[in-house]
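Chain letters run A, B, ... following the sequence lines, proteins first and then strands; every chain starts at 1.
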Amino acid sequence: MGVKLLLEKANVPGIRTYDVYRREGGYATAEKALKEMSIEAIVEEVKKSGLRGRGGAGFPAGMKWSFIAKPEGVPRHLVCNADESEPGTFKDRYLMEFLPHLLIEGLLISSYALGSNDTYIYIRGEYAWVADILEEAIVEATKNGWLGKNILGNGFDCMVHVHRGAGAYICGEETALIESLEGKRGNPRIKPPFPAIQGLWMRPTVVNNVETLAAVVPIIKMGGEEYAKIGVGRSTGTKLISACGNINKPGVYEIDMTISVEDFIYSDEYCGGIAGGKKLKACIPGGSSVPILPANLLLKTAKGETRYMNYESLSDGGFATGSMMGSGGFIVLDEDQCIVKNTLTLARFYRHESCGQCSPCREGTGWMEKILQKIELGKGESSDIDLLWDIQRKIEGNTICPLGDAAAWPVAAAIRHFRDEFEWHINNRELSQTSNFGLQHYADPIHVPA
Amino acid sequence: MSLQFNNEQMSEFKRLVARYPEGKQKSALLPVLHLAQDSFGGWLPTEAMDYVASLLEIEPIEVYEVATFYSMYNLKPVGKFVFEVCQTGPCMVSGSDNIIAYIQKQLDIKPGETTKDGMFTLKLVECLGACGYAPMMQVGKIYREHLTKEKVDAIIAEYRMQVVAQN
Ligand SMILES: Cc1cc2nc3c(=O)[nH]c(=O)nc-3n(C[C@H](O)[C@H](O)[C@H](O)COP(=O)(O)O)c2cc1C
Ligand code: SF4
Ligand code: FES
């Protein structure tokens, strides 16, 4: 069993309620922070921990916190990003659903460190019942003096508010989220100014992911240095991975980032192997935006070294032969899955979610979907692959927000690693409607079929 | 104006608006539109949007542009129960296509349509954050996960029973 810092208590009956959470040692860390630590000391521990943002970009949390502007007389805000809409990702939901008080304790410590008296949780609208769980937990925490005025007699006031979104992936992007929280369409803002200077209501704002803010609790509890000892290199602490697709045990797992990809997929403690005794074909290891990898490059790097479940190892080889940790949404595809069709569903997703502000993203995502649809329906032409490549290249790097890149990368990686599967579809128009390219030569190099 | 929040809905409205600073009441727009949709039959006629604008003291256009941006707001009437089935990659590789086809057959409607009796609407949606419990759909506030054909039949029967019991 690996180290568990976040989900250690997830299976304790009733842990969702204040009483059980408190009995299990909950809020003791918040008490320590508010009673014994200075604001600077808290920020320093978070810096020392090496904690990287768990929302996808992996930006060091302590550094982000130290950027927040502190102009006299202007309120500051912490916003918790619970929009969780990247396909393959459902870890924040799990944390909020089963351990709402862990998040609130993390929010309290973080709000104190940042000087946020009104902290918002922006939760995707579809998680309606999770919003109810959070609201209930906030009521309990307030009743017990952990939220409200003059908390623990320390003079600090803090209220946490739940704000439900209404169905828009783009609102996970921090400036779109801020716009949405202001009651507008989720159109990302041009940066600078960065939220740390002018964010919510033009006030200094820090936006952090649910898991990032929950991780503040173990960091303050054990100290940044101890936290940093877990993991490897710049991948410190533990990471939640939501595993899905064709595996025996889909679900949310907390890993310490020294486990190999192979162990994560095949060990019974985690994914439990490929469902139905089938063979592994490919995997999107960090949410739908990150490059898909064929089994051979997933389990071993291009240099033939074991690949591990951490930031550095997953991106080893760059986009040519590697991928990314991203949001921790781990999507496994077995031998029967069609890469063209899978890429099509993702292209449709990004077309649907583009806010439409930039023409390369708005037009490009539509074109990519149309061309992929054509190939999938057995009407593709050989020039289509190059056309797809050209379109994705013209989107990447040419847009206001990273959604454009996020839409381009899955298409680019699918063509890069599975070009012959696209060609097969185009050359076998009829056959491709009734059968499937299958595994061909993308075999798992370790679990060689008998 | 005939559409109005009742007392209970009005106090919920006030609770929502109180979360934001003085003068920033427009921030409550998304939550208030959810409340309006839930209060006025599952969708947002223009009249409801105008009402929300007047309550928040903003221009109607500020409400329309938001209501049209977010996928959870229905701008047309929907059935009593809306089946929102996820069709994105992870659900697709876990068999959502078969479930979607089965629901279409059982309800005899296509995506975007409502059954003649006004009971069910079928909507195809993108990833709902339940990829590990696929195939899945959202019905109202809840997620129905690990769908199979048998489960779909049971769910349809369950909602039909609910309506019979209410009448
Ligand atoms: C299109 C898009 C969608 C995003 N969705 C999310 C999301 O659902 N949750 C999240 O925490 N971060 C999301 N992000 C990243 C946020 O912009 C931001 O970097 C993050 O919330 C910062 O928190 P962290 O540093 O704790 O990770 C998204 C970014 C983009 C470009
Ligand atoms: S890249 Fe796409 S989603 Fe992002 S601002 Fe431009 S159009 Fe909107
Ligand atoms: S892909 Fe269907 S819930 Fe995520």
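Side chain of Ser27(B) to main chain of Leu181(A): a donor-acceptor pair is present (N/O by atom type, distance under 3.5 Å, no hydrogens or angles). Distance alone, capped at 3.5 Å, is enough to place a donor-acceptor pair between the Thr345(A) side chain and the Gly89(B) backbone.
Chain A forms more heavy-atom pairs under 4.5 Å with one residue of Cys127(B), Cys91(B), Gly140(B) than with any other, namely Cys127(B). Ranked by heavy-atom pairs under 4.5 Å with chain B, the first of Lys184(A), His163(A), His352(A) is His163(A). Of the residues considered (Ala275(A), Ala128(A), Gly251(A), Ser242(A)), Ala128(A) shows the highest number of contacts with chain B, using heavy-atom pairs under 4.5 Å. When each of Ala168(A), Ser288(A), Pro250(A), Gly186(A) is scored by its heavy-atom pairs under 4.5 Å with chain B, the top score falls to Gly186(A). Ranking Gln138(B), His34(B), Glu65(B) against chain A, the residue ahead of the rest is His34(B), based on heavy-atom pairs under 4.5 Å. When the candidates Leu30(B), Thr68(B), Leu29(B) are compared by the number of heavy-atom contacts under 4.5 Å with chain A, Leu30(B) comes out ahead. By number of non-hydrogen pairs under 4.5 angstrom with chain B, the leading residue of Gly356(A), Ser180(A), Ser85(A), Ala243(A) is Ser180(A). Put simply, of Leu344(A), Val162(A), Leu200(A), the one with the most heavy-atom pairs under 4.5 Å next to chain B is Val162(A). Among Leu346(A), Asn246(A), Asn187(A), Thr89(A), the residue making the largest number of heavy-atom pairs under 4.5 Å with chain B is Asn246(A).
A salt bridge links Arg19(B) with Glu135(A); the closest basic N to acidic carboxylate O contact falls under 4.0 Å.
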Point to revise | Trace of the salt bridge (Lys or Arg N to Asp or Glu O under 4.0 Å) decision for Arg185(A) with Glu62(B) | key: CA-CA 9 Å; Arg185(A) 295 165 78 97; Glu62(B) 295 176 82; over 6 Å; no
Exercise for review: Could you give me the CA-CA distance, side-chain angles and deciding distance for Arg93(A) and Glu145(B), then say whether salt bridge (Lys or Arg N to Asp or Glu O under 4.0 Å) is met?
Suggested key: CA-CA 14 Å; Arg93(A) 160 186 170 184; Glu145(B) 300 172 330; 2.9 Å; yes
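Both the backbone and the side chain of Lys341(A) come within contact range of chain B, judged by heavy atoms closer than 4.5 Å. Only the side chain of Asp132(A) comes within less than 4.5 Å of a heavy atom of chain B; its backbone N, CA, C and O stay farther away. The part of Gln337(A) that comes within reach of chain B is its side chain, from C-beta onward, which places non-hydrogen atoms under 4.5 angstrom from that chain. In this structure, chain B has no heavy atom under 4.5 Å from any part of Tyr350(A). Neither the backbone nor the side chain of Thr343(A) comes within less than 4.5 Å of any heavy atom in chain B. The part of Ile170(A) that comes within reach of chain B is its side chain, from C-beta onward, which places non-hydrogen atoms under 4.5 angstrom from that chain.
When all heavy atoms of Lys141(B) and Trp129(A) are compared, the closest pair comes out as O-CE3, 3.6 Å. The two residues Gln87(B) and Arg348(A) come nearest to each other via the heavy atoms O-NH2, 2.8 Å. Taking each heavy atom of Tyr127(A) and Leu128(B) in turn, the nearest pair found is CE2-O, 3.4 Å. Scanning both residues, Trp201(A) and Lys24(B), for their nearest heavy atoms gives CD1-CD, 3.5 Å. Counting all heavy atoms, side chain and backbone alike, Gly183(A) lies closest to Lys26(B) at O-CE, 3.3 Å. The shortest heavy-atom contact between Phe90(A) and Ala130(B) is CB-N, 4.4 Å.
His161(A) and Tyr20(B) are not linked by any side-chain donor-acceptor pair at a separation below 3.5 angstrom, with hydrogens and angles left out of the test.
Within 6.0 Å of NZ on Lys80(B) lie no more than 12 heavy atoms contributed by other residues, nucleotides or ligands.
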